[in-house]
Amino acid sequence: MTPTDAAATDTRTAPAPTATASPGTRAGCAPGVRPVAGAPGAVVEVHGPGGWFPVCALTALTPGRGVAALLPDGGQAALFRDRTGTVYAIGNRDPFTGAQVLSRGLTGSAAGRPYVASPLLKQRFDLAGGACLDDPEVAVPVYPVRVREP
């Protein structure tokens with residue numbers, strides 16, 4: 001399976017990556033947050049084990065819906081694009097159940113913070129920082145993300 005298979009499913013788990021600053025991240029944005037213009041042919045890339053790799057076309061990300069991507073180390077990322085065009089990438093594994101389902105969650109915002117709610121037990125995870133809004137001791141990994149223009 002290639003990294004561009006955005007709808008890949010995998011039940012294996014991997015150690016959580018450490019978030020690093022993305023060269024394409026706007027000043028003041030958290031790691032993993034990338035506002036994008038949306039040029040035709042633009043490709044979303046995620047920084048994971050081994051560096052940057054393409055995940056999907058920017059047009060494959062519909063605001064309000066997630067896409068799961070298989071990472072080179074066998075883990076998964078959940079990618080989201082909000083209505084302003086900002087792209088987020090977090091771990092797809094729900095830490096409360098162990099299921100790879102966060103890409104299927106419902107998106108929303110609380111106090112101006114974008115989140116995804118797990119489709120299973122409904123805990124909310126901040127898309128910009130990975131923190132669980134319902135349990136401060138729990139978080140999901142955040143991946144730097146960028147959009148490569150053609």
Side-chain angles (χ1 to χ4, degrees), residues 2-9 16-72 75-97 99-150:
T2 66
T4 55
D5 289 335
T9 57
T18 56
T20 58
S22 162
T25 301
R26 181 177 68 183
C29 286
V33 178
R34 173 79 171 122
V36 296
V43 174
V44 177
E45 296 181 337
V46 171
H47 191 275
W52 292 98
F53 65 96
V55 175
C56 63
L58 181 60
T59 57
L61 297 178
T62 303
R65 295 186 182 232
V67 172
L70 184 62
L71 302 174
Q76 292 185 27
L79 282 83
F80 299 90
R81 182 179 183 188
D82 68 14
R83 296 190 192 294
T84 68
T86 303
V87 177
Y88 304 91
I90 63 172
N92 194 34
R93 184 179 175 273
D94 178 342
F96 292 94
T97 65
Q100 301 278 3
V101 295
L102 292 182
S103 65
R104 300 292 185 199
L106 299 174
T107 60
S109 65
R113 296 170 66 182
Y115 68 80
V116 62
S118 172
L120 298 179
L121 300 177
K122 310 303 184 237
Q123 284 88 357
R124 299 169 299 155
F125 297 93
D126 183 352
L127 290 174
C132 179
L133 302 180
D134 303 303
D135 185 343
E137 295 182 17
V138 178
V140 294
V142 175
Y143 298 94
V145 62
R146 69 182 181 190
V147 176
R148 184 173 36 89
E149 303 290 334

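Sequential numbering from 1 along the given sequence is applied to the chain's residues.
- Shown here for A77 and N92, the closest heavy-atom pair between the two residues is C-CB, 3.9 Å.
- Between the side chain of E149 and the main chain of A42, no donor-acceptor pair closer than 3.5 Å is present.
- Here the closest non-hydrogen pair linking P54 and V43 is CB-CG1, 3.8 Å.
- When every heavy atom of V46 is checked against every heavy atom of A89, the shortest pair comes out as CG2-CB, 4.3 Å.
- For L121, the CG atom counts as densely surrounded, since its 6.0 Å shell holds more than 12 non-hydrogen atoms of other residues, nucleotides or ligands.
- No side-chain heavy atom of L120 sits under 4.5 Å from any side-chain heavy atom of F96.
- The only member of V67, L58, T86 that meets side-chain contact (heavy atoms from CB on, under 4.5 Å) when paired with R81 is L58.
- L133 has its side chain within reach of R113: a pair of non-hydrogen atoms, C-beta onward, lies under 4.5 Å apart.
- The shortest heavy-atom contact between A131 and A139 is CA-CB, 4.0 Å.
- The CG atom of L106 sits 6.5 Å away from atom NZ of K122, with the distance rounded to the nearest 0.5 Å.
- Exactly one of D126, D82, V116 qualifies for a side-chain contact (heavy atoms from CB on, under 4.5 Å) with Y88. That residue is D82.
- In plain terms, the two heavy atoms of L71 and F53 that are nearest each other are CD2-CZ, 3.2 Å.
- Interatomic distance, E45 CD to C56 SG, rounded to the nearest 0.5 Å: 10.5 Å.
- Note that CZ of R65 and CZ of F80 are 12.0 Å apart. Values are rounded to the nearest 0.5 Å.
- The shortest distance between side-chain heavy atoms of Q76 and L102 does not fall below 4.5 Å.
- Using a 4.5 Å heavy-atom threshold, the side chains of Y143 and L79 count as separate.
- Side-chain atoms of P114 and T107, non-hydrogen and from C-beta on, never get closer than 4.5 Å to each other.
- Judged purely by atom type and a 3.5 angstrom limit, D94 has no side-chain atom pairing as donor or acceptor with the backbone of V101.
- Of all the heavy atoms in F125 and P95, the pair that sits closest is CZ-CD, 3.6 Å.
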